[in-house]
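Worksheet: one structure, shown below.
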Amino acid sequence: MTKNILIGMLLVLMAPATVFGVEYPWELKKDEDGVRAYVRQVEGSSILEYKGVVTVDAGVEEAVHLFEADARTVEWFYDCKESRVIREESPDVLIGYFAINMPWPVKDRDAVYRRVLTKDPATGAVQYRTSGVPEEYPEQKGKVRMPYMKGVWTFTPVAGGGTEVIYQEHSEVGGHIPDWLVNRLAVNIPFNSLASFRDLLSKKKQK
């Protein structure tokens, strides 16, 4: 083992834990009608990370089909007022845009993101990872661009033909807005979005 490798290992062992970040535990904040919403702290941020979990009565293919219909996101995503694809970079990667209503007198927020699709052939799970790319699209009049977002949507088949949907995200909304207001949305967004997503799938199956 070379001297440089030994020095590197010693530096890793001696480094404080904060260098690698602290992963805080999830706290269940709402559990109603089959939908669960969790939040947790994020090191270095006053904004909570959130996660929502629900099982829908539809297969992965059907659930993913609705999720990928970006123009229909306004039908189920909490307070979403606009959603569209800006461009496709490859069959599995796109740049998207969405805008959400904010309570008066706070200005509406919008975000530009890159979405990357991956599939697990062993489990049949489908995952979409999103990361904010605010510079990829001009800022829009009357809206504040979110400077940071990172999220993941996971669709996993479960026994009986259903799909477990997990939505997890952390973002910074930008501009001047109280942290308490943003953190209140940390429960409303995942809970209401997943409840509406499930209900929309159910209505589709009933037709």
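Values below: every heavy atom of this structure, side chains too, minus hydrogens, waters and symmetry copies. The first residue of the sequence shown is numbered 1, and numbering continues consecutively from there.
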**OP:** With C80 as reference, evaluate I189, V74, N101 under the side chain to side chain contact (heavy atoms under 4.5 Å, CB included) test and give the passing residue.
**Re:**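 Among I189, V74, N101, the one meeting side chain to side chain contact (heavy atoms under 4.5 Å, CB included) with C80 is V74.
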**OP:** Take H170 and Y148 through the ring pair (Phe, Tyr, Trp, His ring centres under 6.0 Å) test and state the conclusion after the steps.
**Re:** CA-CA 8 Å; H170 180 247; Y148 168 82; 5.8 Å; yes
Subject >> Neighbour count >12 (heavy atoms, 6.0 Å) for atom CD, E75 >> reply: yes
Consider only side-chain heavy atoms of I, L, V, M, F, W and Y, link residues closer than 4.5 Å, and tell whether [X] and [Y] are in one cluster.
| X | Y | value |
| --- | --- | --- |
| V39 | I100 | yes |
| M149 | V42 | no |
| V56 | Y78 | yes |
| L117 | V85 | yes |
| V116 | F67 | no |

Measure from the side-chain N and O atoms of [X] to the backbone N and O of [Y], and report whether any donor-acceptor pair falls under 3.5 Å.
| X | Y | result |
| --- | --- | --- |
| E62 | V60 | no |
| R72 | S83 | no |
| S171 | V173 | no |
| T73 | D70 | yes |

Original post:
Aromatic rings Y113 and F98: how do their planes relate, parallel, tilted or perpendicular, breaks at 30° and 60°?
Top reply: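 Tilted.
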Original post:
Parallel, tilted or perpendicular: which describes the rings of Y167 and W153, with under 30° parallel and over 60° perpendicular?
Top reply: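 Parallel: the ring planes of Y167 and W153 meet at under 30°.
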Original post:
Going by atom types only, do Q127 and T154 share a side-chain donor-acceptor pair under 3.5 Å?
Top reply: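 Present: a donor and an acceptor within the cut-off.
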For the atom pair [atom1] ([X]) and [atom2] ([Y]), what is the distance rounded to the nearest 0.5 Å?
| X | Y | atom1 | atom2 | answer |
| --- | --- | --- | --- | --- |
| Y50 | N188 | OH | CG | 10.5 Å |
| M102 | L185 | CE | CG | 5.0 Å |
| F77 | L194 | CZ | CG | 9.0 Å |

Close side-chain approach of [X] to [Y], heavy-atom, < 4.5 Å:
| X | Y | result |
| --- | --- | --- |
| I95 | R115 | no |
| E136 | R114 | yes |
| E89 | L94 | no |
| Y97 | Q140 | yes |
| L66 | F197 | yes |
| E169 | K150 | no |
| I166 | K51 | yes |
| D108 | K81 | yes |

For [X] and [Y], which heavy atoms make the closest approach, and how far apart are they?
| X | Y | result |
| --- | --- | --- |
| M146 | P134 | O-CB, 3.9 Å |
| A186 | L48 | CB-CB, 4.3 Å |
| G59 | T163 | C-OG1, 3.0 Å |
| R145 | P138 | NH2-O, 3.0 Å |
| E172 | S45 | OE2-OG, 2.7 Å |
| A99 | K143 | CB-CE, 3.7 Å |

Going by atom type alone, with no hydrogens or angles, which donor-acceptor pairs under 3.5 Å involve a side-chain atom of residues 26-38 and a protein atom two or more places apart or on another chain?
{"from": "D33", "atom 1": "OD2", "to": "R198", "atom 2": "NH2", "distance (Å)": "3.0"}
{"from": "R36", "atom 1": "NE", "to": "Y38", "atom 2": "OH", "distance (Å)": "2.9"}

Original post:
If you measure from the Lys or Arg side-chain nitrogens to the Asp or Glu carboxylate oxygens, is any gap between E49 and R40 under 4.0 Å?
Top reply: yes
Subject >> Partners meeting side chain to side chain donor-acceptor pair (under 3.5 Å) with D92 (sequence neighbours left out) >> reply: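 Once residues adjacent in sequence are excluded, D92 has no partner under the side chain to side chain donor-acceptor pair (under 3.5 Å) criterion.
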Original post:
Can you name the residues that form a side chain to side chain donor-acceptor pair (under 3.5 Å) with S196, not counting sequence neighbours?
Top reply: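 With sequence neighbours excluded, S196 shows a side chain to side chain donor-acceptor pair (under 3.5 Å) to no residue whatsoever.
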